[in-house]
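In what follows, every heavy atom counts, from backbone to side chain, and hydrogens, waters and symmetry copies are set aside. All ligand and atom numbering here is 1-based and tracks the order in the structure.
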Amino acid sequence: MTSARDPLLTLEHITVRLDGTTDTALVDGVSLELERGSCLGLVGESGSGKSLLLRSIVGLIPRPLRLSGQLHWSRARDGLQQPLSPRAARGRDISMIFQEPMRSLNPMRRISWTLAEPLRMHAGLRGAALRERIISLLEDVGISDPHRIARSYPHELSGGLQQRVMIAAALSTDPALLLCDEPTTALDVTTQATILDLLRSLQSTRGLSLVFVSHDLAVVSEVADTVAVMYSGRIVEVGPTAAVIQDPQHSYTKMLVDSVPARLKPSHTDAHERTRA
Ligand SMILES: Nc1ncnc2c1ncn2[C@@H]1O[C@H](COP(=O)(O)OP(=O)(O)O)[C@@H](O)[C@H]1O
Ligand SMILES: [Mg+2]
């Protein structure tokens with residue numbers, strides 16, 4: 001019927017440049033909209049500004065870089081179109097996962113410790129309620145033996161399991177938006193497919209919105225409803241994933257599509273039948 005737009009997040013002219021310079025911007029006037037409950041894929045070569053753009057959303061731009069532009073965030077949980085700065089939403093409605101889960105996991109602490117921290121802080125959980133919630137979060141990310149994993153140290157887990165734990169940690173605040181920065185790049189192809197499956201299923205079961213960043217268009221096309229192509233700090237093309245792949249407009253997008261022709265017809269059925277990492 002009517003396809004009323006319902007953006008969760010709107011970016012307007014987001015620009016990141018070295019403070020005090022007029023050097024070419026690293027992120028150059030990016031405007032994008034993220035539909036509630038959908039997955040926006042952001043693809044582009046290394047150094048094109050994908051991570052900086054993602055970090056702009058949560059205000060994590062390190063000095064000496066400077067962020068300008070506007071972000072409009074509409075809260076999902078209560079359905080109110082109440083503007084709230086993404087900075088205020090950070091850590092509560094927006095979570096982020098990265099390429100290297102080991103970097104975010106404390107090597108000296110058991111998995112249960114890592115998961116307990118946000119649950120104490122954001123949900124005020126203690127004791128048995130806290131332990132139960134940790135186990136159910138691990139189950140939510142497809143871990144079949146959550147008690148063993150909770151007792152484990154990060155180095156005892158495979159890369160795929162580590163990334164599942166990071167996704168569990170990211171979900172612990174019950175966010176509306178999950179930002180994923182190359183979350184499968186460090187994983188082997190089979191494990192990568194299972195993590196993509198997990199993200200897709202979380203999107204549908206929890207109504208989670210995703211921004212999924214990768215240098216790999218084939219990977220992005222597995223999860224993204226909409227794809228935005230980034231080149232040299234700018235979005236050069238944006239559209240429904242299938243349309244962008246079938247009929248790329250920009251020369252850079254054409255090159256991306258040409259470079260991975262065989263893998264660009266993802267078989268979702270096959271992927272869903274794969275077993276967990
Ligand atoms: N802290 C920083 N200081 C200066 N330049 C940076 C900083 N972080 C990233 N850059 C530069 O900004 C550009 C975009 O980086 P990034 O967003 O990490 O790219 P991508 O994630 O697409 O690989 C690169 O040229 C990078 O060298
Ligand atoms: Mg990056």
Legend entry - Which of the ligand 1 atoms, numbered from 1, are nearer than 4.0 Å to a heavy atom of P62: 1 (N)

Inset, instruction - Decide, yes or no, whether a salt bridge links D181 with R55 under the criterion of side-chain N to carboxylate O below 4.0 Å. - result: no

Inset, instruction - With rounding to the nearest 0.5 Å, note down the distance linking CZ in R164 to CD1 in I97. - result: 11.5 Å

Inset, instruction - Mark yes or no for whether K50, through its side chain, and G44, through its backbone, hold a donor-acceptor pair below 3.5 Å. - result: yes

Legend entry - Between CD on residue Q99 and NE2 on residue H215, distance to nearest 0.5 Å: 8.0 Å

Legend entry - Nearest-contact summary for atom 22 (O) of ligand 1 - protein heavy atom, Å: K50 NZ, 2.8 Å

Inset, instruction - List the atom of P118, the atom of T173, and the distance in Å for their closest heavy-atom pair. - result: CB-CG2, 4.5 Å

Legend entry - Atom pair CG (D247) and CD1 (I245), whose distance is rounded to the nearest 0.5 Å: 12.0 Å

Inset, instruction - Could you count the protein N, O or S atoms found under 2.8 Å away from the Mg ion (ligand 2)? - result: 1

Inset, instruction - Could you find the nearest protein heavy atom to atom 5 (N) of ligand 1 and give me its residue, atom name and distance? - result: L26 CD1, 3.9 Å

Legend entry - N/O donor-acceptor pair under 3.5 Å between T15 side chain and G29 backbone: yes

Legend entry - Pairwise distance CG(L177) to CG(L9) - rounded to 0.5 angstrom: 6.5 Å

Inset, instruction - Go through ligand 1 atom by atom and flag the ones less than 4.0 Å from a non-hydrogen atom of S46. - result: 23 (O)

Could you give the side-chain donor-acceptor pairs of residues 228-239 under 3.5 Å, partners two or more places apart or in another chain?
from: R234; atom 1: NE; to: D28; atom 2: OD2; distance (Å): 2.9
from: R234; atom 1: NH2; to: D28; atom 2: OD2; distance (Å): 2.8
from: E237; atom 1: OE1; to: Q249; atom 2: N; distance (Å): 3.1
from: E237; atom 1: OE1; to: H250; atom 2: N; distance (Å): 2.8
from: E237; atom 1: OE1; to: T253; atom 2: OG1; distance (Å): 2.7
from: E237; atom 1: OE2; to: Q249; atom 2: N; distance (Å): 2.8

Inset, instruction - Supply the atom-to-atom distance I135 CD1 to H147 NE2, rounded to the nearest 0.5 angstrom. - result: 4.5 Å

Inset, instruction - Note the single closest protein heavy atom to atom 4 (C) of ligand 1, along with its residue, its atom name and the distance in Å. - result: L65 CD2, 3.8 Å

Inset, instruction - Identify the protein heavy atom lying closest to atom 23 (O) of ligand 1, giving its residue, its atom name and the separation to 0.1 Å. - result: G47 N, 2.7 Å

Legend entry - Contact bool for atom 13 (C) of ligand 1 (protein heavy atom, d < 4.0 Å): yes

Inset, instruction - Would you mind finding which of G49, G44, S214 brings a heavy atom closest to atom 19 (O) of ligand 1? - result: G49

Legend entry - Spacing of CE belonging to M166 relative to SG belonging to C180, to within rounding of 0.5 Å: 11.5 Å

Inset, instruction - Could you check atom 18 (O) of ligand 1 against the protein and tell me its nearest heavy-atom contact, residue, atom and distance included? - result: S51 CB, 3.7 Å

Inset, instruction - Could you tell me which atoms of ligand 1, counted from 1 in the order shown, lie closer than 4.0 angstrom to a heavy atom of E45? - result: 22 (O)

Inset, instruction - Considering only non-hydrogen protein atoms, determine which one is nearest to atom 17 (O) of ligand 1 and report residue, atom name and distance to 0.1 Å. - result: L52 N, 2.9 Å

